[in-house]
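Computed from a predicted model, the values in this text were never measured in an experiment. Throughout, protein chains are lettered first and strands after them, A, B, ... in sequence-line order, and every chain is numbered starting at 1.
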2 protein chains.
Amino acid sequence: MAQFVHPATADITLAGVLSALADPIRLQIVRGLLQESGCLSCTAASPCPTIAKSTLSNHFRVLREAGLIQTSKKGVEHQNAVRSADLEARFPGLLMAILAHSVTDGLPVTSE
Amino acid sequence: MAQFVHPATADITLAGVLSALADPIRLQIVRGLLQESGCLSCTAASPCPTIAKSTLSNHFRVLREAGLIQTSKKGVEHQNAVRSADLEARFPGLLMAILAHSVTDGLPVTSE
DNA sequence: TTCAATAGTTCGGAAGTATGGAACTATTGA
DNA sequence: TCAATAGTTCCATACTTCCGAACTATTGAA
C-alpha cells in the first residue's frame, strides 16, 4: 500500500470532479475536510457512522483519483486533505462555486 | 404524452445538477443548447451522431429531471432550453463556473 | 381517411458500477 | 508475540447505463 495514486494537477478533469462531487456522501466528506483545517482520517471524515468501511474506502478512492483530495499515510491512519490549491489552479472558482451551495443539498428550501 | 415533468426551481438539488453534468455527453448538450440561443430539438442537440436514440432520450430525461433544461413539445419535435434563470436563482454562479471550464482542458469557451 | 416518414419514448437484456460483509494487510502498543 | 485499530481488497447482490427493437405521437401526402 505504499503511496497512493494522485493525478497531477493538469490531469484533473472536469467530469471527474463533477462525478466525484455528484455523490452527497462525497460532497459532505469534502465539506467536512475543508471545515476541519483540511486533515482528517477516513473514519473521522465520514459524514455518517452507518456507512460500511469498504464503502467509505471506495468513496475516498474516488475522491483521490479525481484529484479532489490528497491522502498520506501517518501511522495507522490516513490523513486526507482537500487539494484546494491544485483545484483552484486547474478550475478557478469551481470548487468554491460548488461548495458555496452544498449546505442546501438534500434540504429543499420549500415543500417536500 | 402530456407535458414533461420539470422540478420547481426550489426543488433543484446540487447533487442532481452535478450528477447530470458529470456525464461528458450531457455537459456537451447543455453547452450546445446555450450556444444555440437555447432552443434545439433532441437530435439537433446531440453532440455525437453515433449515440443511440434511446440513450439520447435518457440523457435528456436526466437533464430535465435535474432541472437543467426545459422541454416543450412543438409538433413532432421537442424543444429544449437550458433553465439558465432558474439555475442562477437556485445556485448563483454555479452553472457558469462549471461551463467556463467545460471545454476539457483549458480552452476558453468565451472566445470560441 | 389511410399510409408513410420523422421525432422521441419505453422495454428488455447485457455490461458496468455501488454497496456492504468477511477476510486481509499494516501499524501501534502492551 | 499478541491484540487492537485503520483501511484495503474480494466477492456477491443490487442498482444504473447503454443500446437495439418495438412503440407512440405528429405531420404531410395520396
Side-chain angles (χ1 to χ4, degrees), chain A residues 1-6 13 15-30 32-33 36 38-66 68-81 105-106, chain B residues 1-6 13 15-30 32-33 36 39-66 68-82:
Chain A
M1 235 136 303
Q3 279 303 78
F4 297 101
V5 181
H6 298 89
T13 67
V17 170
L18 295 180
S19 179
L21 294 180
D23 186 298
I25 291 169
R26 291 195 288 263
L27 200 55
Q28 281 189 265
I29 290 173
V30 172
L33 286 178
E36 299 292 333
C39 262
L40 283 179
S41 68
C42 294
T43 47
S46 173
C48 175
T50 62
I51 300 171
K53 278 200 306 176
S54 53
T55 304
L56 206 56
S57 178
N58 184 56
H59 283 313
F60 276 93
R61 185 181 54 76
V62 171
L63 288 171
R64 199 182 303 131
E65 294 180 354
L68 278 157
I69 63 170
Q70 178 138 36
T71 308
S72 55
K73 201 158 191 179
K74 191 195 178 185
V76 74
E77 292 184 349
H78 290 186
Q79 281 200 328
N80 299 285
D105 181 58
Chain B
M1 227 135 311
Q3 279 304 75
F4 297 102
V5 181
H6 299 89
T13 67
V17 170
L18 296 180
S19 179
L21 294 180
D23 186 298
I25 291 168
R26 291 195 288 264
L27 200 55
Q28 281 189 265
I29 289 173
V30 171
L33 286 177
E36 300 291 334
C39 261
L40 284 179
S41 68
C42 294
T43 48
S46 174
C48 173
T50 62
I51 301 171
K53 279 200 306 176
S54 53
T55 304
L56 206 55
S57 178
N58 185 57
H59 283 315
F60 276 91
R61 185 181 55 78
V62 170
L63 288 171
R64 199 183 303 132
E65 294 180 353
L68 278 158
I69 63 171
Q70 178 139 34
T71 308
S72 55
K73 201 157 190 178
K74 192 195 178 185
V76 74
E77 292 184 347
H78 290 185
Q79 282 201 328
N80 299 285
V82 178

Under 4.0 Å, counting only non-hydrogen atoms across every strand here, what does R26(B) touch: a base, just sugar-phosphate, or nothing? nothing

note: F60(B), atom CZ; dT9(C), atom P; distance rounded to Å ~ 9 Å

TODO: Step through it carefully: locate the ring centre of F4(B), locate the ring centre of H78(B), and say whether they are under 6.0 Å apart.
DONE: yes

- Item | base_contact_polar (dG20(C) base, S54(A) side chain, donor-acceptor, <3.5 Å) | yes

I want to check one thing: is the phosphate of dG7(D), taken as OP1 and OP2, less than 4.0 Å away from some side-chain N or O of R64(A)? no

The Watson-Crick or G-U wobble partner of dT27(C), with both key distances under 3.5 Å, is dA4(D)

Strictly distance-based, threshold 3.5 Å: is any side-chain N or O of S46(B) a donor or acceptor partner for the main-chain N or O of P49(B)? no

Heavy-atom nearest nucleotide on DNA chain C taken for I25(A) and for T43(B); more 5' hit belongs to T43(B)

Nearest-nucleotide check on DNA chain C, V76(A) vs Q79(B); residue mapping nearer the 5' end is Q79(B)

Closest heavy-atom pair, C39(B) versus A81(B), reported as atoms and distance to 0.1 Å, is SG-CB, 4.3 Å

Regarding the side chain of F4(A), the nearest nucleotide among dC19(D), dT9(C), dT8(D) is dT8(D)

Closest to the 5' end of DNA chain D, once N58(B) and S57(A) are matched to their nearest nucleotides, is S57(A)

Quiz item: Would you say dA26(C) has OP1 or OP2 under 4.0 Å from some side-chain N or O of H78(A)?
Solution: no

| Presence of H59(A) side-chain N/O under 4.0 Å of dT19(C) phosphate oxygens OP1/OP2 | yes

Using a cut-off of less than 4.0 Å, is there contact between a side-chain N or O of S41(A) and OP1 or OP2 of dA6(D)?
no

Would you confirm whether H6(A), through its side chain, and T71(A), through its main-chain N or O, come within 3.5 Å as a donor-acceptor pair? yes

